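This report refers to the structure that appears directly beneath it.
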Amino acid sequence: MPELPEVETIARGVDKRVRGRTIVSVWLGSKPEPFRSEPAGIVDALTGSTIERVHRVGKHIVVDLARKGPAKRRAARRSVPDSGGQRPRLGQWLVHLGMTGRLLVCGPQEPLPPHTHAILELDDAREIRFVDPRRFGRLSVLDLSPPDEKPRKRAGESGTHSQGFVGTGQEPLEISLDAFRALFRGRRTPIKSALLNQSLLHGVGNIYADESLFRAGIRPRRQAGRLTGRELERLRGAIQSVLLEAIALGGSSVSDYVDADGAKGFFQLEHKVYLRAGEPCLACQTPIRRILIAGRGTHYCPTCQH
DNA sequence: AATGAAACCTGACAGC
DNA sequence: TGCTGTCAGGTTTCAT
């Protein structure tokens, strides 16, 4: 479901609602697909942790976690007090929503939707729920404790620093023009495919790739490495303006996307090409064309885009 | 190394 | 009503 603007909207909404709260219990469903870390490790890392901040990296929601001293269970089994107990244990909970994932904050009395795979009970009795019918979404945890405190498994996930998760590619809203141009140099793949490649830019998905290419006047099948410097400058500007406008409108609600409150976004009303195959181009009346690139539906105006 | 197709899942919708 | 086929905001894996 979600690309950068939707994930940003959800992360902001969740942050506003749960920052500072402590997770008192965790329930995980029995379907294995949503869990990229060991389920027991997820429960262990989340239970008793305080939510310091919720933010976005690429298409991931990143929840910064902290807790004082060693984990309760470990302390209880030890007879000798842990000397490192004063320093907070740090970690991150990573949420990727896949195509249909939702992260909801609500009261415990709210009816449980089908396909709920995780419930985090907070210290004010509210819950964070992860719901995902199609199960392309993924949950994982990173341990960011100092090495001397926890010499066991380190954060090994790709895109991870000792400082935390940084994602696989560059942030489209922050990348410089030079770095942007360098991303595509020598690549023979269609520019549309390159924009969807999260190890280059992360956060852009199918909707915003199509909308950005329309704004920049570039055909999606053009070879990425053959775009001119001027075209790449236009493309970077188009991506950034599309993403910022979409964030300002709360994202695109194409089917059932909603933010942490259950509210819809409005950027779908601004789509110029996405899902408009056969309809007249809003600039020139030419019917919008739909083709397949890298297995993804791709929409463009054959007159406005070259 | 890079590119593309297939696979992973369920649900909504169109057409018969 | 119920079947079939198509499509869907994403990523990973496997074969070229």
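These numbers come from the heavy atoms of this one structure, side chains and all, not from hydrogens, waters or symmetry mates. As the structure is a computational prediction, the values presented were derived from the model and not from experiment. Quick note on labels: first sequence line is chain A, next is B, and so on, each numbered from 1.
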Practice prompt. Kindly indicate whether the side chain of A/Arg134 and the base of C/dA8 share any N or O donor-acceptor pair separated by less than 3.5 Å?
Written response: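 Between C/dA8 and A/Arg134, which were checked side chain against base, a qualifying N/O pair under 3.5 Å is present.
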Taking only side-chain N and O atoms of [X], does any of them lie within less than 4.0 angstrom of OP1 or OP2 on [N]?
X	N	answer
A/Lys59	C/dT11	yes
A/Tyr274	C/dG9	yes
A/His96	C/dG10	no
A/His271	C/dG9	no
A/Arg296	C/dG9	yes
A/Gln198	C/dT11	yes
A/Thr189	B/dG4	yes

Discussion item. I'd like to know whether CD of A/Gln285 has more than 12 heavy-atom contacts from other residues, nucleotides or ligands below 6.0 angstrom.
Written reply: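 Counting other residues, nucleotides and ligands, CD of A/Gln285 exceeds 12 neighbours.
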In whole Å, measure the gap between the [atom1] atoms of [N] and [M] for me.
N	M	atom1	value
C/dG9	B/dT3	C1'	23 Å
B/dA6	C/dT6	P	14 Å
B/dA5	C/dC7	P	15 Å
B/dC9	C/dC14	P	14 Å

Separation of [N] [atom2] from [X] [atom1] (nearest whole Å):
X	N	atom1	atom2	answer
A/Leu292	B/dA5	CG	C1'	11 Å
A/Ile191	B/dT3	CD1	C1'	15 Å
A/Leu195	B/dT3	CG	P	13 Å
A/Phe267	C/dG9	CZ	P	15 Å
A/Ile61	C/dG9	CD1	P	19 Å
A/Leu97	C/dT11	CG	P	10 Å
A/Arg135	C/dG9	CZ	P	20 Å
A/Leu196	C/dT12	CG	P	13 Å

[X]/[Y] ion pair, N-O < 4.0 Å:
X	Y	answer
A/Glu127	A/Arg129	yes
A/Lys192	A/Asp210	yes
A/Arg12	A/Glu8	yes
A/Asp124	A/Arg21	yes

Discussion item. Tell me which nucleotide, if any, is Watson-Crick or G-U wobble paired with B/dA6 when both distances must be under 3.5 Å.
Written reply: C/dT12
Closest to side chain of [X], choosing from [options]:
X	options	result
A/Glu6	C/dG9, B/dC9, C/dA8	C/dG9
A/Asn206	C/dC7, B/dG11, C/dG9	C/dG9
A/Ser193	B/dG11, B/dC9, B/dG4	B/dG4

Under 4.0 Å, counting only non-hydrogen atoms across every strand here, what does [X] touch: a base, just sugar-phosphate, or nothing?
X	result
A/Pro190	sugar-phosphate
A/Gly295	nothing
A/Arg138	nothing

Worksheet item: Is the ring centre of A/Phe136 under 5.5 Å from the base ring centre of B/dC8, and are the two planes under 30° apart, so that they stack?
Response: yes
Worksheet entry | Whether A/Tyr274 and A/His271 hold their rings parallel, tilted or perpendicular, with breakpoints at 30° and 60° | perpendicular
Practice prompt. Could you please spell out the steps behind the salt bridge (Lys or Arg N to Asp or Glu O under 4.0 Å) verdict for A/Arg181 and A/Glu233?
Written response: CA-CA 8 Å; A/Arg181 285 176 171 154; A/Glu233 187 177 355; 3.8 Å; yes
